[in-house]
*Asks:* 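One structure coming up, written as structure tokens, with questions to follow.
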Amino acid sequence: MNDYEKLANLLFPDTSETPEDYEKIYPTRAISEGARVSRFAPSPTGFLHLGGLFAAMISKLTTRTTDDGVFFLRIEDTDKKREVEDGVTAIIKGLSDFGIDADEGVNGLNSESGAYGPYRQSKRKKIYHAIAKSLVLKGLAYPCFCTEEELDDIRAEQEKEGADLKGYYGKWAKCRELTFEQQQKNIEAGMPYTLRLRSPGNPENRIKFDDLIKGKIEMPENIQDVVLLKTDGIPTYHFAHAVDDHFMRTTHVVRGDEWISSVPLHIQLFKCCDFRVPKYAHISPIMKEDNGGKRKLSKRKDPEASVSFYSESGYPKESVIEYLLTIANSNFEDWRRANKTAPQSEFPFNLKKMSASGALFDLNKLNDVSKNVISLMTADEVYDKTLAWAGENDEELCALLRADGERAKTILSIDRGTAKPRKDIAKWDEVKNYISYFYDELYTPDYTLPENISSADAAAVLRAYLEVFDINDDKDTWFGRIKELCEPLGFTPNVKEYKKSPDAFKGHVGDVSTVIRIAVTSRRNTPDLYSIMAILGEDKVRARLNDMLAQLA
Ligand code: GLU
């Protein structure tokens with residue numbers, strides 16, 4: 001038995017599995033050649049960041065560019081300090097609220113599906129240890145007994161010497177050259193140790209790789225003897241990434257670009273383990289404008305950093321995804337203009353069209369996108385989705401919508417389904433205000449007139465209109481009557497005529513309608529007034545006209 005074998009048995013006496021065993025347990029996936037396998041691999045910190053949702057969406061979309069791609073969810077729960085109870089549930093709910101459900105992997109607090117699990121890192125210790133043991137056998141890993149203080153001392157020395165590269169490598173890697181006898185003595189004495197990579201890197205070498213988003217990248221080869229297993233035997237992110245993405249047969253690693261500087265190490269790890277290196281796609285973070293500068297959207301400072309912000313304020317999931325697609329691929333908006341009602345899944349997403357620098361988050365843009373998305377929904381959809389949102393967030397609205405669903409749907413159907421639907425609603429928490437004048441419980445009259453209409457003229461309009469108003473009129477007759485009111489009151493039914501000689505009239509038919517609109521709805525701008533009156537009914541319309549008239553008199 002050589003020293004590596006002796007060391008491997010000393011460090012991993014209970015590990016009998018070999019990498020070959022796991023190659024058999026997790027064979028290459030039976031999917032068509034070129035099919036993409038990608039994943040979302042969050043830590044369960046109890047919070048799904050918008051950037052996380054974005055990364056998950058990109059990762060899933062990548063797999064959808066091939067027929068039988070697979071998108072899975074892995075939970076990276078090796079850092080128990082950062083973990084919160086329910087963290088996993090928050091992630092699963094966060095993803096599923098926006099329709100980014102995984103094909104396999106973790107799907108509940110204690111459940112998962114798929115043949116490449118366990119999908120929680122905390123349950124994969126045996127696998128990590130088998131691979132770690134194989135590295136020790138190859139002389140590519142060794143135990144390091146340095147204490148925190150010793151590591152601090154090394155760093156201080158490096159500072160003093162002005163070493164370009166800080167860390168555990170070369171002459172600084174004190175435990176690299178320990179003999180087996182020294183290692184054995186330390187272990188038998190119960191000294192805590194980490195397992196480090198014996199990096200085969202050479203400082204003279206550079207490594208090139210082609211990031212699918214950032215393009216060609218060249219960096220120095222890794223020469224650091226990084227920690228693979230911590231003193232408690234738990235893997236570091238780097239080692240777990242290589243082992244998991246290999247045995248889960250990930251073809252495309254899509255992740256935040258904070259990891260890009262680690263790629264040389266990761267490529268080295270894959271090679272040391274005899275694993276095939278996956279393709280990498282590093283996503284830039286979503287940025288926010290702040291005091292003239294740009295910074296990352298922050299969990300601490302920005303409520304909109306959490307995806308729960310969007311579900312709670314009632315953005316439909318389609319809107320949030322539509323918005324994220326506009327950030328993801330710059331050609332999305334052109335595609336959308338040409339394919340107004342096509343499902344999002346038909347967009348030909350392309351990783352190569354991702355912006356290499358961070359996109360700026362813009363709430364106004366999200367609102368515009370969302371108004372457009374909602375304007376294309378049917379009244380039934382708007383009703384169902386608002387009700388579902390109100391059920392969790394607004395009891396009063398929920399009760400009103402439920403009390404007479406048909407009436408609510410009629411209200412929501414005004415101007416919907418037309419060639420140019422109105423874009424009034426960006427999120428479900430705006431529906432209450434949008435429909436408020438149909439419900440006495442929500443209605444507060446406000447008869448403020450535009451500056452160009454005097455109270456006396458408004459009163460005259462209302463008085464005259466009350467004489468001719470007939471709920472049974474068809475729309476043309478209804479509007480004909482409003483036009484007929486104009487001339488006797490000093491207005492003109494003809495807008496063009498008014499524009500030609502504005503001094504000759506008090507206003508035009510639009511102003512007359514505005515007075516009636518304000519009386520009926522307390523607003524200057526509403527969907528089709530004829531439909532509104534039809535829904536309110538004769539008595540209510542008359543009462544409101546009279547009510548405003550009384551206020552003006
Ligand atoms: N758990 C890592 C993170 O949250 C995952 C990175 C990756 O996708 O590999 O940053």
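Computed from a predicted model, the values in this text were never measured in an experiment. One-based numbering, in listed order, for ligands and for the atoms of each. Values reported hereafter were calculated over all heavy atoms of this structure, with side chains retained and with hydrogens, waters and symmetry mates removed.
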*Asks:* Quick check: Tyr237 and ligand 1, any N/O pair under 3.5 Å apart?
*Replies:* yes
*Asks:* Can we say Arg64 and Asp103 salt-bridge, meaning some charged N sits less than 4.0 Å from an Asp/Glu carboxylate O?
*Replies:* yes
*Asks:* Counting only heavy atoms not in Asp67 (residues, nucleotides, ligands), do more than 12 fall under 6.0 Å from its CG?
*Replies:*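 Result for CG/Asp67: open.
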*Asks:* Do Glu104 and Arg29 sit within salt-bridge range, that is, some charged N less than 4.0 Å from a carboxylate O?
*Replies:* yes
*Asks:* Students should be able to answer this: which protein heavy-atom is nearest to atom 4 (O) of ligand 1, and at what distance?
*Replies:*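 Going atom by atom, the protein heavy atom closest to atom 4 (O) of ligand 1 ends up being Ala41 O, 3.8 Å.
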*Asks:* Please determine whether ring pair (Phe, Tyr, Trp, His ring centres under 6.0 Å) holds for the pair Tyr323 and Phe332, giving the CA-CA distance in whole Å, both sets of side-chain angles, and the decisive distance to 0.1 Å.
*Replies:* CA-CA 10 Å; Tyr323 174 65; Phe332 179 78; over 10 Å; no
*Asks:* Is it the case that Asn107 and Glu112 place a side-chain donor and acceptor less than 3.5 Å from each other?
*Replies:* no
*Asks:* Where is the nearest protein heavy atom to atom 10 (O) of ligand 1: which residue, which atom, and how far?
*Replies:* Trp259 NE1, 3.1 Å
*Asks:* Nearest heavy-atom pair of Leu366 and Tyr310: which atoms, and what distance?
*Replies:*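 Where Leu366 meets Tyr310 most closely, the heavy atoms are CD2-CE2, 3.6 Å.
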*Asks:* Taking atom CD as the centre, does Glu392 end up with more than 12 heavy-atom neighbours from other residues, nucleotides or ligands that are less than 6.0 angstrom away?
*Replies:*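 No - once you tally the heavy atoms of other residues, nucleotides and ligands closer than 6.0 Å, there are 12 at most.
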*Asks:* Closer than 4.0 Å to some heavy atom of Arg255 - which atoms of ligand 1 meet that?
*Replies:* 7 (C), 8 (O), 9 (O)
*Asks:* Can you find an N/O atom of Glu76 closer than 3.5 Å to an N/O atom of ligand 1?
*Replies:*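 Yes.
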*Asks:* Numbering the atoms of ligand 1 from 1, which are under 4.0 Å from a heavy atom of Ser43?
*Replies:*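 Listed by number with element: 1 (N).
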*Asks:* Less than 3.5 Å between some nitrogen or oxygen of Pro42 and one of ligand 1, yes or no?
*Replies:* no
*Asks:* For atom 8 (O) of ligand 1, find the nearest protein heavy atom and state the residue, atom name and distance (0.1 Å precision).
*Replies:* Arg39 NH1, 2.7 Å
*Asks:* Under a heavy-atom criterion of less than 4.0 Å, does Gly256 contact ligand 1?
*Replies:* no
